[in-house]
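Values in this document were obtained by computation on a predicted structure and should not be read as measured data.
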Amino acid sequence: MKTLPLQWRGAMLIAFPMVCQGFFIFAVIFMLINAQHSLERALQMRETYLRLNKVASSINESLVFHEFDFQNINRPNTQQTKQVTELNGLLKTLAPEDTQKLNARLKEMLSILQSSADTLNTGKTNPDKLRISTFHRVLHCIPPFILEMQTVIAKSNELRISEFSKFAKAQGEILRFIWLAICASLLVAAVMFAFFTWSIKKPLEHIAENSKRLSKRITLLPPLKGNDELSRLDRRLHSTYEAVKVASEREMALIHNVSDLVCSLSEDGIFLEANAAAEGMLGVSAKDLLGKSVGDIAVASEFLITDEYLRKTRSSEEVTNFELRLRAATGQEVETHWSAVWSPLRSRVFCVVRDISAEKALSRLKQDFIDMVSHDLRSPLTNLGITLEMIEKGSLGDVNNLDALKEIKATSRNVQILINFINDLLDFQKLDEGRVQLDKTYCSSNEIVKEAISLVKEVAATKNLSIDYTPTNFEIFCDHGKVTQTILNLLSNAIKFSPDNGTISISISEADNTDSISQISFTITDRGPGIPEEYRQLIFEPYQQAPSSKSQGTGLGLAICKMIVEAHGGRIGVTENQSGKGSNFWFTLPTANLPQTTQLADHSDQSLFHD
């Protein structure tokens, strides 16, 4: 039965008692039918017994008191004929062997009467003498007839009593059988219930134990045999265990081979688990690190902030990121970035600790370089540019040598290119580090575009370029200066790559709304060489340029535009001009007040765990 599916076991649990109940019901019906037959026979025998007594008494009285009309014995309507007929009918209901002698006596008496009646009908005999003679002859037959009649009546009475006894016995047997059937039904139900429970209890306990072992990642019990639902479920648990085991081995291999320190902490910040990266990062083996607290290895100045970070992690459902300076076994400070998450199920903090000492050193070096560029390079270049401009304009005296004047102008342009490069580099650095906050106000899109056009108008005139703009005004919530800078960068690129005597178009329209946020779209169209499709995403990354623009810029202008636009909650991109020549640079800005997005936030805040 263990191999049967659960549905068949349940069907047997119901069907077997029902079959037994059906058998008991048919048996009781059979016994009731037999009892009913016994009762009917008993009642019939009682009726026969009473009628035999009555008929026998009537016949005897007629014979004894000369009331028997043997002259009309052959007539069916006479009382004596009816009594004899009734007696014959009653005798036929009894057993032939019990009524044989009584029938012989009755026939003998009827023969005497018939003979006397025949003699009387001849008219040759005196009726009175014939009656007296017939009476004496019949009188000799009455005692044996009465004796046989009593014998038949006695046997009939015995049969009646026997049938009533059978009926009473059948009643008792039926009651006993019913009680026996009830007890047997209860016993069968109990046995079936116990057997069914036993047949699934062991497998369920087996599966429960395997589930517990699976949760603890320890070896499971052997799989159940059979092909029922429980056996298949147990085999599925084994399959899951094998998959979890393989995944766990891969996970542990990854954790132990990763360069970052992966560890778990108690609520008090005590190390409970750690991978081998601890030795490379702190100079302490994973085994020696266990039992120590984070405060023990943190520098003294950050001891208190360590507890605050752990408290914040325990109270949050999200991943908490923070930086902490640790003290290695050699005494050297190690700057680390922590991504920590609290697990209520296991009551511990899981952490990934990354050594960012090199990144911090590089960041400081980069900052020193930026400071050097800003103070030691941009200032002299700016002064040099001003001086060259003054010389070019003759403020410091006329320059009569045309070749010298030409060289001064070329030098002035190159100095301005260097200054623009430095400005782009500084702007990009500020945006990338999140040190620039947007100063948003409600602005006129028309004024922003006109201001940007006015700033590049003279440059466009040197190439005889016209800027086509149909004033269209929308109210947008933005940083006026940053959006102007974005349009200015795009216009400068359009002027740079457009052929002489060309046209640059600017248009403003309502953009397709996303997330029910109203946005407007700015589009700058040029007639330049265009952007190959494979570069249309790449050119918005830092220091990336399309092949046609190599050595014509810093590669930071479009990256700065992207940062500014995405910080406003908008999008930026480029498409091919419908004429097949040139490009359409576009960007969108929301008209409503939106929170500043994370493009200008600290990029070191990265989540390493998933909730």
Side-chain angles (χ1 to χ4, degrees), residues 217 247-329 332-364 366 432-435 566 595-611:
R217 297 188 181 182
S248 179
E249 290 175 352
R250 292 177 179 174
E251 178 184 350
M252 294 307 298
L254 178 63
I255 289 175
H256 286 294
N257 289 289
V258 73
S259 59
D260 294 338
L261 172 60
V262 181
C263 60
S264 63
L265 309 174
S266 67
E267 295 184 34
D268 300 326
I270 305 298
F271 283 93
L272 301 177
E273 297 171 310
N275 65 344
E279 188 166 2
M281 183 181 297
L282 302 173
V284 180
S285 66
K287 183 177 180 181
D288 294 336
L289 187 61
L290 303 184
K292 294 183 179 180
S293 69
V294 179
D296 293 338
I297 62 174
V299 297
S301 60
E302 298 196 358
F303 179 81
L304 295 178
I305 197 65
T306 300
D307 292 336
E308 178 62 23
Y309 285 146
L310 293 177
R311 184 200 62 77
K312 182 180 177 181
T313 300
R314 291 194 301 270
S315 61
S316 174
E317 296 181 357
E318 303 294 332
V319 176
T320 303
N321 294 276
F322 55 90
E323 293 182 1
L324 198 62
R325 288 183 295 131
L326 306 179
R327 181 78 61 183
Q332 182 181 0
E333 286 189 8
V334 180
E335 297 188 74
T336 58
H337 178 272
W338 292 62
S339 294
V341 64
W342 169 251
S343 172
L345 181 63
R346 301 188 64 182
S347 298
R348 59 182 61 187
V349 180
F350 291 95
C351 308
V352 174
V353 185
R354 183 162 53 92
D355 185 354
I356 59 172
S357 300
E359 296 177 18
K360 286 291 185 179
L362 180 61
S363 177
R364 286 191 291 269
K366 183 171 64 174
D432 188 49
E433 291 181 354
R435 292 190 287 117
E566 291 183 349
Q596 183 171 316
T597 59
T598 57
Q599 273 73 15
L600 298 184
D602 186 359
H603 293 285
S604 64
D605 187 14
Q606 301 293 331
S607 297
L608 301 181
F609 292 102
H610 294 284
D611 188 10

Closest non-hydrogen contact found for Ser357 with Glu335 is OG-N, 3.0 Å
Heavy-atom nearest pair, Ser259 first then Ala277, reads O-CB, 3.5 Å
Drop me the distance from Glu308's CD to Glu302's CD, to the nearest 0.5 angstrom.
13.0 Å
Taking atom NZ of Lys312 and atom CD1 of Ile305, what is their separation to the nearest 0.5 Å?
9.0 Å
The single option from Leu272, Ile270, Thr313, Leu310 that satisfies side chain to side chain contact (heavy atoms under 4.5 Å, CB included) with Leu265 is Leu310
Go through it in stages, so that I can follow the logic: the residues are Thr336 and Leu261, the test is side-chain contact (heavy atoms from CB on, under 4.5 Å), and I'd like the CA-CA distance, side-chain angles, deciding distance and then a yes or no.
CA-CA 10 Å; Thr336 58; Leu261 172 60; over 6 Å; no
With a 4.5 Å cut-off on side-chain heavy atoms, are Trp342 and Thr320 touching?
no
Euclidean distance, Leu304 CG relative to Tyr309 OH, rounded to 0.5 Å:
12.0 Å
Can you label the angle between the Trp338 ring and the Phe271 ring as parallel, tilted or perpendicular, going by 30° and 60°?
tilted
So do Arg354 and Ser339 actually touch side chain to side chain, heavy atoms under 4.5 Å?
no
How long is the straight-line distance from CG of Asp307 back to CG of Asp268, given to the nearest 0.5 Å?
9.0 Å
Donor-acceptor pair, Asp355 side chain versus Leu282 backbone, under 3.5 Å?
no
Which heavy atom in Ala274 sits nearest to a heavy atom in Ala286, and how many Å separate them?
O-CB, 3.6 Å
Whether over 12 other heavy atoms sit under 6.0 Å from Gln332 CD
no
Correct closest heavy-atom pair for Ala298 and Thr306 would be CB-OG1, 3.8 Å
Considering all heavy atoms, the nearest Met281-Val353 contact:
CE-O, 3.4 Å
Kindly compute the distance separating CG (Leu324) from CD1 (Ile297), expressed to the nearest 0.5 Å.
8.0 Å
Atom CZ in Arg325, atom NZ in Lys360: separation rounded to 0.5 Å?
10.5 Å
Could you tell me which non-hydrogen atom of Ser266 sits nearest to which non-hydrogen atom of Val349, and how far apart they are?
O-CG2, 4.4 Å
